[in-house]
Amino acid sequence: MSGHRYAIFETAGGFCGIAWNVAGITRFQLPTSSELSTENLLLRRIGDGQKSPPPVEIGETIALVKRYFAGERIDFSEIRLDLEGQDEVFRNIYAAARRIGWGHTSTYGTIAKELGLGPEAARDVGQAMAKNPVALIIPCHRVLAAGGKLGGFSAPGGSTSKQRMLELEGVRFTPPEPAQQSLF
């Protein structure tokens with residue numbers, strides 16, 4: 001994967017990393033607590049990338065990510081990505097995930113069904129989400145397990161990070177307050 005440039009930047013959620021080439025964004029690293037940790041995780045995925053000041057388009061994406069982690073409603077669906085090397089099934093799964101808007105969720109099975117794949121393809125959707133090269137921009141955190149359960153998350157912090165991101169978007173996983181109080 002030569003030709004990658006990358007930048008590490010701080011958000012309200014921690015340090016994120018972004019990598020790009022001439023075709024678009026190739027990798028995104030969700031936040032960790034340190035710049036060095038984020039950089040090491042990103043470099044494991046891109047290999048020989050070179051740290052660089054971001055060009056305008058990447059700088060605009062970084063600004064959107066900072067606003068997202070500050071709690072602002074952001075739509076990443078139009079950001080230019082380079083998913084070269086991903087097979088067609090994964091590309092279709094990623095396109096479906098990009099259509100899940102802020103504050104909404106779907107499930108692995110629902111995405112498989114939406115794409116006209118059989119029920120066994122829910123595992124393929126899960127694998128695609130686990131291998132998502134641009135988490136957040138392709139919002140894999142919005143894809144849940146069967147029954148709306150949180151499921152796993154391969155990013156730093158695991159399912160706790162997934163839950164925090166969803167809660168940032170207004171999705172709650174705690175039981176609602178009772179509508180009526182007990183008389184006793």
Side-chain angles (χ1 to χ4, degrees), residues 1 11 13-14 16-21 23-32 41-42 44-46 57-58 61-62 64-65 67-69 71-176:
M1 289 190 194
T11 72
C16 292
I18 192 167
W20 65 91
N21 62 23
I25 295 170
T26 58
R27 295 282 179 184
F28 184 82
Q29 178 59 54
L30 286 168
T32 72
L41 286 168
L42 186 66
R44 269 193 245 158
R45 300 182 101 194
I46 65 171
E57 184 178 9
I58 301 303
T61 299
I62 289 171
L64 290 174
V65 170
R67 289 170 44 203
Y68 173 88
F69 282 108
E72 191 173 327
R73 183 183 190 124
I74 300 295
D75 177 6
F76 295 105
S77 65
E78 298 300 317
I79 292 175
R80 191 167 53 96
L81 303 176
D82 178 7
L83 297 176
E84 184 67 33
Q86 300 293 329
D87 68 34
E88 185 178 350
V89 172
F90 274 29
R91 284 178 192 245
N92 290 336
I93 291 168
Y94 292 146
R98 287 188 94 180
R99 291 190 291 272
I100 305 168
W102 170 279
H104 296 276
T105 61
S106 187
T107 65
Y108 304 126
T110 300
I111 290 176
K113 186 176 180 180
E114 177 185 324
L115 296 173
L117 305 171
E120 70 284 350
R123 287 184 188 203
D124 293 333
V125 174
Q127 288 177 347
M129 295 301 106
K131 295 177 180 179
N132 179 0
V134 286
L136 180 62
I137 299 169
I138 295 174
C140 53
H141 64 285
R142 296 177 185 153
V143 183
L144 306 176
K149 293 182 180 154
L150 199 56
F153 198 53
S154 58
S159 58
T160 301
S161 292
K162 183 176 188 172
Q163 183 172 344
R164 284 186 189 137
M165 291 170 70
L166 288 169
E167 287 177 347
L168 185 69
E169 297 181 21
V171 177
R172 300 286 177 244
F173 287 93
T174 56

J.: Can you tell me how far CG of Asp75 sits from CZ of Arg98, rounded to the nearest 0.5 angstrom?
T.: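 Here the interatomic distance stands at 8.5 Å.
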J.: If you measure from CG on Asn132 to CD1 on Ile138, what distance do you get to the nearest 0.5 Å?
T.: 4.5 Å
J.: Before giving the answer on side chain to side chain contact (heavy atoms under 4.5 Å, CB included), spell out for Val65 and Phe28 the whole-Å C-alpha distance, their side-chain angles and the decisive distance to 0.1 Å.
T.: CA-CA 10 Å; Val65 170; Phe28 184 82; 3.7 Å; yes
J.: Counting distance only, does the side-chain N/O of Arg91 pair as donor-acceptor with the main-chain N or O of Leu83 below 3.5 Å?
T.: yes
J.: Of all the heavy-atom pairs spanning Ser159 and Leu150, show the shortest one and how long it is.
T.: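 Smallest heavy-atom distance, with atoms named: O-CD2, 3.4 Å.
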J.: Looking at every non-hydrogen atom in both residues, tell me the closest pair between Gly151 and Ala145 and how far apart they are.
T.: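 Heavy-atom minimum between the residues: CA-CB, 4.0 Å.
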J.: With a 3.5 Å cut-off and sequence neighbours excluded, list the donor-acceptor pairs that the side chains of residues 100-107 form with protein atoms.
T.:
unit_1: Thr107; atom_1: OG1; unit_2: Thr110; atom_2: N; d: 3.0
unit_1: Thr107; atom_1: OG1; unit_2: Thr110; atom_2: OG1; d: 2.7

J.: Would you say the side chain of Leu81 lies within less than 4.5 Å of the side chain of Ile137, judging by non-hydrogen atoms?
T.: yes
J.: Strictly distance-based, threshold 3.5 Å: is any side-chain N or O of Asp124 a donor or acceptor partner for the main-chain N or O of Val89?
T.: no
J.: Would you indicate whether the side-chain heavy atoms of Phe153 and Leu30 approach each other to under 4.5 Å?
T.: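 In short, these two side chains touch, coming nearer than 4.5 Å.
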J.: Can you see which heavy atom on Arg27 is nearest to which on Leu42, and at what distance?
T.: CB-CD1, 3.8 Å
J.: What's the shortest heavy-atom distance between Leu41 and Gln29, and which atoms?
T.: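 Nearest pair, atom of Leu41 first, then Gln29: CB-OE1, 3.4 Å.
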J.: Is Tyr108 reaching over with its side chain to a backbone N or O of Gln127, donor-acceptor style, under 3.5 angstrom?
T.: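 Pair absent, no side-chain N/O of Tyr108 close to backbone of Gln127.
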J.: Measure across Pro133 and Thr26 and return the closest heavy-atom pair with its distance rounded to 0.1 Å.
T.: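 Where Pro133 meets Thr26 most closely, the heavy atoms are CB-O, 3.6 Å.
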J.: With a cut-off of 6.0 Å (strictly less than), are more than 12 heavy atoms of other residues, nucleotides or ligands near CZ of Arg123?
T.: no
J.: Could you check Ile79 against Leu64 for side chain to side chain contact (heavy atoms under 4.5 Å, CB included), going step by step and ending with a plain yes or no?
T.: CA-CA 10 Å; Ile79 292 175; Leu64 290 174; 4.1 Å; yes
J.: With a 4.5 Å heavy-atom cut-off, do Met129 and Ile93 have their side chains touching?
T.: yes
J.: Would a 4.5 Å heavy-atom cut-off, applied to side chains only, mark Phe76 and Val134 as touching?
T.: no
J.: Are Tyr94 and Lys131 packed together at the side-chain level, in the sense that at least one heavy-atom pair is separated by less than 4.5 angstrom?
T.: yes
J.: Answer yes or no: is there a side-chain heavy-atom contact under 4.5 Å between Tyr68 and Leu168?
T.: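 Yes; the side chains approach each other to less than 4.5 Å.
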J.: Using side-chain heavy atoms (C-beta onward) and a distance below 4.5 Å, is Arg142 in contact with Val171?
T.: no
J.: Testing the basics here: between Ala112 and Ala122, what is the closest heavy-atom pair and its distance to 0.1 Å?
T.: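 Where Ala112 meets Ala122 most closely, the heavy atoms are CB-N, 3.8 Å.
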J.: Among Lys162, Gln163, Arg164, find the one that has a side chain to side chain contact (heavy atoms under 4.5 Å, CB included) with Leu166.
T.: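 The option that passes is Lys162.
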